[in-house]
*Asks:* 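This is the structure I have questions about; it appears just below.
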Amino acid sequence: MSSIQSTLQFVSDLIERESITPNDGGCIDYLSGKLTELGFVVTELEFSGVKNLWAVHNSNNANLYDIKEQTLTFLGHVDVVPAGDIDKWNTPPFTPTIKGDTLYGRGAVDMKGGVAAMLNACNNFIKENGNNYNGSIAWLITADEEGIADFGTKAVLEWLLQQKVSINSCLIGEPASAGKLGDQIKIGRRGSLNGFVQIHGMQGHVAYTKGQDNIIHKVLPALSKLANLDLAKGDDYFPATEFHIVKVNADGGAVNVVPGDIEIAFNLRFSPKQDIVSYKQSVNDILAEFDHTIKWQLSANPFFSEPKKLAEAAKHAIRSHTKLEAKYSTSGGTSDGRFFPKTYPDAEIVELGPVNTSAHQVNEYTSVKELETLSEIYKEVLGLFFHKK
Ligand SMILES: [Zn+2]
């Protein structure tokens, strides 16, 4: 069976297992079976009903947790977002459909394609090398990435830490490429902080309320101050911290009513250089003149992984298969890499995967040829990482 048939077969098998987050739809058992066939020792881990998988392959296989010093961990998720408006799909979302070089189906790009390429790469690497390499290959797969994500990678990493398993290099197969496969690899992501503010004023008749008592008028300058706060500047790896007001809601219900309350929501996408404690203090200072409440919600901590051995191997493998010089990037939304700083702060994290063509959209698709190349790139990364040719 050629490489393409296997990657295509794997991704098709995964797409037809309907795994809307946090359900795995049978994907975890499917991968358990495949990895067991390859000689991995597999543990399925269920936390609060969410299925996850941890698997290890090494030269002695004596002990499930016996990770050798040089470990390459493949990390991914098999859950997908719901199909959305089914009428807008040209093909059934959970029936993998190929047209020319394009594979359609929910999860094709985010991220069953990446998982299939990882599986095919391990398949080919182990078929060539058997146990004859110095180190361990591990897999961490979750069905809880697209949702709350409390019982997915985060829980597995905490569990691994308790078992005293060390993780030192982690390759995430998320769709990290921008325009062409391998044009960038991600070595970190910005953090995300939400603020929800309720400001209380005095409802009144427009004919009997003075302008200076109108809560909207009073709040506008404060919003402008919030939008103009000094935030961390960009550097070699991270863009500048960005602030966005995403909601301003005040409605008296009629044109002659001055509203009593204003609801505001904002989001901060921040780099590791941003001091969050002092940022919150600045926001509190600006809002101090108002009768208000504020709720903070940290949806993701930023993370940054200094490029080392794995990033170098990834760049090299990309160069030899695509002739591209991959850029390091930290752009985009958050990823499961965000859970490492708390559990494995020294682990090197690299995200390398398909071009993000259509994640979470209707008619999600990816290029079949690209998945084949991605699988070859992953296999070369394994070779370089373990000094195998
Ligand atoms: Zn994803």
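Just so you know, these numbers use all the heavy atoms, side chains as well, and skip hydrogens, waters and symmetry mates. In listed order, ligands and their atoms are each counted from 1.
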*Asks:* Quick one: ring pair (Phe, Tyr, Trp, His ring centres under 6.0 Å) pairs with a partner in residues 206-239, sequence neighbours left out?
*Replies:*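 Qualifying pairs, neighbours excluded: H205-Y208, Y237-F304, F238-F304.
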*Asks:* Tell me, which pairs form a ring pair (Phe, Tyr, Trp, His ring centres under 6.0 Å) where one or both residues lie in residues 315-356, sequence neighbours left out?
*Replies:*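 Applying ring pair (Phe, Tyr, Trp, His ring centres under 6.0 Å) to every pair that reaches into residues 315-356, excluding sequence neighbours, yields nothing.
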*Asks:* Tell me whether the Zn ion (ligand 1) has E174 as a neighbour, meaning an N, O or S atom of it below 2.8 Å.
*Replies:*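 So E174 counts as coordinating the Zn ion (ligand 1), yes.
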*Asks:* Would D110 count as a contact for the Zn ion (ligand 1), in the sense that one of its N, O or S atoms lies under 2.8 Å from it?
*Replies:*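 Yes, D110 qualifies, because one of its backbone or side-chain N, O or S atoms lies under 2.8 Å.
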*Asks:* Where do E174 and K186 land on the salt bridge (Lys or Arg N to Asp or Glu O under 4.0 Å) test, with the steps shown first?
*Replies:* CA-CA 10 Å; E174 288 275 14; K186 293 191 180 176; over 6 Å; no
*Asks:* Set out, in order, the CA-CA distance, both residues' side-chain angles and the distance that settles ring-ring contact (aromatic ring centres under 6.0 Å, His included) for F47 and F151, then state yes or no.
*Replies:* CA-CA 6 Å; F47 301 113; F151 304 110; 7.8 Å; no
*Asks:* From the N, O or S atoms in H77, identify the one nearest to the Zn ion (ligand 1).
*Replies:*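 Atom name returned: NE2.
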